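Worksheet: the structure to be examined is printed underneath.
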Amino acid sequence: MFKSKLEKFTATRAAMRFLVLSVADLIFLENRWLVLAGLFAGAVISVFKFVSCSWILRRAVDDERATLGKRKTVGLTFVVNMIYQSITLFSLLITYFLFGQWALAGLAAGILLVPFVMMGNAITETLGITKNGFFL
């Protein structure tokens, strides 16, 4: 499922943050099961969005000799994928909103796992703290 080093790194870091948030949720929050369900659903959606976008972009970039027809197909695939993800995300947001504010908060935290991992990695790369070479 994860083909590049960046995908493996991001999934590992997102899983670690998911575990930390899950333990903190179980210890500190009152509606722990609603938040945990939202957190799990959001994390799955976030990782799926990241992997599917990277797969489509890898297809677009890898083939240097791609014809115009193939590039249009990859572009159309990307647009359809984004529309599908937006519809899925919107329906999940509405569903978890109906469950309550705690479920919605968990879903939002789960959805933001991968962007926070990417942001943290970009900051540490820029400051020179880590040197894994993803953002050159």
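Computed from a prediction, not measured in an experiment: that's the story for all the values here.
Closest approach of T88 and S91 over heavy atoms only: O-OG, 2.8 Å. Residues G38 and Y96 share a closest heavy-atom pair of CA-CE2, 3.5 Å.
Under the side-chain hydrogen bond (donor to acceptor under 3.5 Å, both in side chains) criterion, T124 pairs with T130, not counting sequence neighbours.
The side chain to side chain contact (heavy atoms under 4.5 Å, CB included) with V117 is formed by just one residue from the set T10, V47, T12; it is T10.
There is no path of hydrophobic side-chain contacts, each under 4.5 Å, that joins M16 to F18. Connection of M119 to L127 is established within a shared hydrophobic cluster, with ILVMFWY side chains joined at heavy-atom distances below 4.5 Å, either directly or through further cluster members. No continuous path of hydrophobic side-chain contacts links L107 to V20 [ILVMFWY only; heavy atoms under 4.5 Å]. F99 is connected to L93 through a chain of hydrophobic side-chain contacts under 4.5 Å among Ile, Leu, Val, Met, Phe, Trp and Tyr, so both are in one cluster.
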Inset, instruction - Check step by step if side chain to side chain contact (heavy atoms under 4.5 Å, CB included) holds for L89 and I111. - result: CA-CA 9 Å; L89 187 59; I111 289 171; 3.1 Å; yes

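Using a 4.5 Å heavy-atom threshold, the side chains of F40 and L36 count as separate. Annotation: side chain of L113 is in contact with side chain of L21 (closest heavy-atom distance under 4.5 Å). Here the side chains of P115 and F50 are not in contact, with every heavy-atom distance at 4.5 Å or above.
Within the model, atoms CG of L34 and CG of L104 stand 11.0 Å from one another, a figure rounded to the nearest 0.5 Å. Here the CD1-CG distance, from I87 to L92, works out to 12.5 Å after rounding to the nearest 0.5 Å. Taken to the nearest 0.5 Å, the CE atom of M118 stands 7.0 Å off from the CG atom of N121.
Applying the side-chain hydrogen bond (donor to acceptor under 3.5 Å, both in side chains) test to every pair with at least one member in residues 40-55, sequence neighbours left out, gives these pairs: E7-S54, S52-N81, S52-Q85. For residues 20-37, no residue pair satisfies the side-chain hydrogen bond (donor to acceptor under 3.5 Å, both in side chains) rule, not counting sequence neighbours.
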